[in-house]
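Just below is one structure, and these are the notes that go with it.
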Amino acid sequence: MGPALRRLIEELPEPGSGLSRTERAVLEEEGSFPRVQARESVPWITDLFFARVVTELHEAGLFDEPARTQCLAGRLDYRARATDRWVGGVLLQGPSCFRRDGSRIIPPG
């Protein structure tokens with residue numbers, strides 16, 4: 001159960017970029033489902049979840065340059081553009097939301 005909960009925490013946005021682990025992987029792998037899936041030690045992402053992530057990143061303009069590069073470098077906060085969503089019972093709403101730094105959870109501030 002521990003590894004699954006740690007992986008779930010990684011779906012909270014990171015400081016700076018506002019990307020979850022999955023969102024970062026999608027941008028880094030340029031939307032390739034097989035390459036994103038290969039980065040996981042235990043397969044867990046489904047094609048429907050992946051499609052939702054790609055669609056939301058695309059609608060926020062993060063596949064376009066320079067937004068993609070700025071976000072990956074932590075100079076553009078995706079959460080300022082992202083739609084609200086739930087992660088493990090936590091509503092991520094706008095840029096002021098729970099985040100994670102490694103395994104440490106950072107409350108809105």
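Every value quoted in this text rests on a predicted model; they were computed, and no experiment measured them.
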Could you measure the distance from the OG atom of S96 to the CG atom of D77? Nearest 0.5 Å is fine. 10.0 Å
Considering only residues two or more places apart or on different chains, which pairs with a residue in residues 78-97 satisfy salt bridge (charged side-chain N to carboxylate O under 4.0 Å, His left out)? E23-R85
Under a plain distance cut-off of 3.5 Å, with no hydrogens placed, do R7 and T22 share a side-chain donor-acceptor pair? yes
Are Y78 and F49 linked, directly or through intermediate hydrophobic residues, by side-chain heavy-atom contacts shorter than 4.5 Å (ILVMFWY only)? yes
Other hydrophobic cluster members with V90, side-chain heavy atoms of Ile/Leu/Val/Met/Phe/Trp/Tyr under 4.5 Å, chained? L8, I9, L12, V87, L92, F98, I105
Electrostatic pair E10:R24 at N-O distance under 4.0 angstrom: no
Separation between CZ of R100 and CD of E11, rounded to the nearest 0.5 Å: 8.0 Å
Sub-4.5 Å side-chain heavy-atom contact between V26 and E56: no
Locate the shortest heavy-atom distance separating G94 from C97; write the atom from each residue and the value. O-SG, 3.5 Å
Say you draw a straight line from CD of E30 to CZ of R68; how long is it, rounded to the nearest 0.5 Å? 5.0 Å
Establish, from distance only, whether the side-chain atoms of E14 and S17 form a donor-acceptor pair under 3.5 Å. yes
Rounded to the nearest 0.5 Å, what's the gap from CG on L19 to CG on L27? Could you check? 5.5 Å
Might you point out which heavy atoms bring V36 and A25 nearest each other, and give the distance in Å? CG2-O, 3.7 Å
Give me the atom names and distance for the closest heavy-atom approach of A67 to G61. CB-O, 3.5 Å
